[in-house]
Amino acid sequence: MISNHIENIVIVGGGTAGWMTAAAMANRLPRNLCKITLIESDAIGTVGVGESTIPHIRQFNETLGIAESEFLLKTHATVKLGIKFNDWGALGECYFHPFGEHGELTQGIDFHQYWLKAKSMGEDFRLEQYSIAAMAALSGKFPLSTPNKPTAFKDYTYSYHIDANAYAKFLRDYAAKRGVKRVEGKVIKVKQHLNEAIESVVLENGEIISGDLFIDCSGFRALLMAQTLKVPYLDWSHWLPTDSAVAVPCENNISLQPYTQATARIAGWQWQIPLQHRIGNGHVFSSQFMSEQQATDILLQSLPGKPTAEPKVLRFKAGRRQYSWQKNCIAIGLSSGFLEPLESTSIYLIQQGVNKLLELFPDKHFHQALTNEYNASMSDQYELIRNFIILHFHASKRSDSDFWNYCRNMPIPEDLSYLIALFAESGRIDLRQFGVWPAVCIGQNIVPQNYDARLDVMTHKQLSEFMAAHRKKVQSLVDSFPMAEEFITASLRQVAL
Ligand code: FAD
């Protein structure tokens, strides 16, 4: 009987996407079921950025059975409790988008509604003061034990800042130990079956590598998805006009800040990502509104330490591939789309792409229903994140440059207008889906005029005491945390033992 099992998987590309895919597949697919080959070209290299992550990466590592201490050691990682946004709502303002929620859900009413009512009574405390993650981050602190233990508050969580190249290498070793074959070489030709599905790829040295299932992790080139299968790109740059970045690492001479900094600039924004051995910096800008030289000058003038490499320029176009799965090929990583690094969501999208593929893992029939489900799910993910990122640019009150005037006045997607109106009028948002929105909306000055009327059962005095008790609990918990560096040192010590 002819087997319908996928027997040969070929991954083209060995950046973060390629090695995350290879590692997850090696871990979750039975080794005797199929062979996995990954092709990467040292001559082409990887994009080499992508250092700020969101908490889902911890699940990814846990599923792979990776010990946190070893991961921290090998990827020179530090911890991240959220993002500090400087000058976004308006020049001179800042806010913190923490991981985890503010306060706790009480009587089925979201905590930010209590904050809104307290504000309407004249209280002037910042939303951050009710978030363990935000308050710990801003004090440079981090708990020594994992923050999954129940507290009086909604769970709070964390992620990492990583050295992207070191992470890819770490996963490469992991995958190799589990049977993934690595081939170094440049793909110069792609052969297709009569139905256009991919049959094999041909390397520069003439080697032909055939497969049943191909994963396109070739980065912005999208060698299989775009160049071969001609899947069009949906261009979202009219909503996300930044299209370039200049990146440079610098020496790390400051105490560890367990958060990413995103500082708005006149035609974009600048990141600061602390690792153990250096700080990653980059200036994301729109080439319509700023030259490369200006962007580089602004970056170099505002580095927190001496640069340790030459500035590197990257170009991109915000958008996504119309389909992430076409025929027998799935695009994961930059080949499937790129939004904007602002909320550090690219690695998360890689993770979603691999997980969904493993959930819907096909056989050689490649049933269309699986393809459709995959494409619908990835499309939802991209659109949700796209809207969230647009919100940061659009909701700014900045009027000090043509770039910000464009962002403030640009038409936005209808579903985003709907969500902004809902929040602005009522503070309502589906927190299961949009858990992170209140911090950003309020931080960007979309402060709802009304609060949940059910809170009127509380007297002013009751509410004031309730809010004060929350602030006190957060503060005393944060006071008990050591500095974030101690967590890193203690974790690295564990590996040494
Ligand atoms: P790449 O790293 O480009 O890898 C492509 C691979 O394909 C390479 O191995 C290359 O050698 C191979 N390849 C290409 N063509 C061929 C060929 N013909 N033959 C053989 N091999 C080939 N993400 C985050 O999550 N957080 C961030 O903070 C973040 N910041 C970013 C900042 C910027 C400015 C940019 C541009 C991106 C950022 N990202 C971030 C995105 C992140 O960098 C990527 O999602 C991640 O690195 C995955 O890239 P990739 O593996 O898809 O592509």
Side-chain angles (χ1 to χ4, degrees), residues 10-22 37-57 60 80 83 159-165 167-169 171-172 182-190 201-205 207 209 215-228 242-248 260-262 268-273 275 280-285 295 299 311-318 321 324 331-354 385 389:
V10 179
I11 301 170
V12 177
T16 312
W19 286 113
M20 281 179 80
T21 304
T37 307
L38 184 145
I39 307 162
E40 63 180 329
S41 159
D42 290 344
I44 294 176
T46 65
V47 68
V49 281
E51 309 207 307
S52 189
T53 65
I54 61 173
H56 303 72
I57 193 171
F60 184 82
K80 170 181 172 189
I83 305 179
S159 70
Y160 309 106
H161 300 120
I162 56 170
D163 177 329
N165 291 325
Y167 188 47
K169 161 114 188 26
L171 293 178
R172 184 172 106 183
R182 172 183 182 262
V183 176
E184 203 288 312
K186 187 172 171 188
V187 174
I188 51 158
K189 196 170 160 193
V190 181
V201 291
V202 183
L203 306 190
E204 214 166 23
N205 66 3
E207 189 182 349
I209 300 178
I215 317 290
D216 186 347
C217 294
S218 64
F220 287 129
R221 285 177 179 77
L223 194 68
L224 308 180
M225 231 21 174
Q227 294 185 33
T228 309
T242 58
D243 59 2
S244 312
V246 50
V248 70
T260 299
Q261 286 212 60
W269 62 279
Q270 187 172 329
W271 78 71
Q272 187 177 310
I273 300 176
L275 300 183
N281 308 277
H283 185 182
V284 179
F285 63 100
L299 178 67
K312 175 178 169 182
V313 177
L314 300 120
R315 304 270 178 213
F316 53 85
K317 186 190 280 181
R321 203 72 41 214
S324 296
I332 295 181
L334 297 172
S335 58
S336 79
F338 182 58
L339 295 169
E340 231 278 356
L342 185 58
E343 280 281 353
S344 338
T345 42
S346 266
I347 291 175
Y348 163 77
L349 282 166
I350 295 172
Q351 192 181 336
Q352 291 298 104
V354 188
I385 295 172
I389 300 176

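Heavy-atom basis, side chains included; hydrogens, waters and symmetry copies ignored. Bear in mind that the values here come from a model prediction, so they are computed numbers and not experimental data. Just so you know, ligand 1 is whichever comes first in the structure, and atom 1 is the first atom listed for that ligand.
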Considering only non-hydrogen protein atoms, determine which one is nearest to [atom] and report residue, atom name and distance to 0.1 Å.
{"atom": "atom 52 (O) of ligand 1", "result": "Leu334 N, 2.9 Å"}
{"atom": "atom 31 (C) of ligand 1", "result": "Pro341 CB, 3.5 Å"}
{"atom": "atom 12 (C) of ligand 1", "result": "Gly13 CA, 3.6 Å"}
{"atom": "atom 9 (O) of ligand 1", "result": "Gly14 N, 2.8 Å"}
{"atom": "atom 39 (N) of ligand 1", "result": "Gly50 CA, 3.7 Å"}
{"atom": "atom 25 (O) of ligand 1", "result": "Ile347 N, 2.8 Å"}
{"atom": "atom 19 (N) of ligand 1", "result": "Val187 N, 2.8 Å"}
{"atom": "atom 23 (N) of ligand 1", "result": "Ser346 CB, 3.1 Å"}

query: Just by distance, with hydrogens left out, do Ser344 and Thr53 show a side-chain donor and acceptor under 3.5 Å apart?
result: no
Checking the side chain of [X] only, and the main-chain atoms of [Y] only, is there a donor and an acceptor separated by less than 3.5 Å?
{"X": "Ser41", "Y": "Ile44", "answer": "yes"}
{"X": "Ser346", "Y": "Pro341", "answer": "no"}
{"X": "Arg321", "Y": "Ser335", "answer": "yes"}
{"X": "Glu184", "Y": "Ile39", "answer": "no"}
{"X": "Trp19", "Y": "Gly14", "answer": "yes"}

With atoms numbered from 1 as shown, which atoms in ligand 1 lie under 4.0 angstrom from a non-hydrogen atom of [X]?
{"X": "Gly185", "answer": "19 (N), 20 (C)"}
{"X": "Thr46", "answer": "2 (O), 8 (C), 9 (O)"}
{"X": "Ile350", "answer": "45 (O), 48 (C)"}
{"X": "Ser52", "answer": "24 (C), 25 (O), 26 (N), 27 (C), 28 (O)"}
{"X": "Gly333", "answer": "52 (O)"}
{"X": "Ala245", "answer": "34 (C)"}

Answer with side chain, backbone, both or neither: which part of [X] has a heavy atom less than 4.0 angstrom from an atom of ligand 1?
{"X": "Cys217", "value": "backbone"}
{"X": "Phe338", "value": "side chain"}
{"X": "Leu223", "value": "side chain"}

Gap separating the [atom1] atom of [X] from the [atom2] atom of [Y], nearest 0.5 angstrom:
{"X": "Glu340", "Y": "Ile389", "atom1": "CD", "atom2": "CD1", "value": "6.0 Å"}
{"X": "Gln261", "Y": "Trp271", "atom1": "CD", "atom2": "CH2", "value": "14.5 Å"}
{"X": "Ser159", "Y": "Ile83", "atom1": "OG", "atom2": "CD1", "value": "8.5 Å"}
{"X": "Gln272", "Y": "His161", "atom1": "CD", "atom2": "NE2", "value": "9.5 Å"}
{"X": "Leu349", "Y": "Phe338", "atom1": "CG", "atom2": "CZ", "value": "10.5 Å"}
{"X": "Ser336", "Y": "Asp216", "atom1": "OG", "atom2": "CG", "value": "9.0 Å"}

Short N/O distance, under 3.5 Å, between [X] and ligand 1?
{"X": "Val47", "answer": "yes"}
{"X": "Val12", "answer": "no"}
{"X": "Leu314", "answer": "no"}

query: When you measure from atom 33 (C) of ligand 1 to each heavy atom in Leu38, Val49, Ile44, which option holds the nearest one?
result: Val49
message: Please state which option from Gly219, Ala17, Gly45, Ser41 has its nearest heavy atom closest to atom 8 (C) of ligand 1.
response: Gly45
- prompt: Ser344: heavy atom below 4.0 Å from ligand 1, yes or no?
  reply: yes
query: Taking the non-hydrogen atoms of Tyr348, is any one of them nearer than 4.0 angstrom to ligand 1?
result: no
message: Give me the atom names and distance for the closest heavy-atom approach of Ile332 to Thr21.
response: CG2-OG1, 3.8 Å
Whether Phe316 and Phe220 hold their rings parallel, tilted or perpendicular, with breakpoints at 30° and 60°: parallel
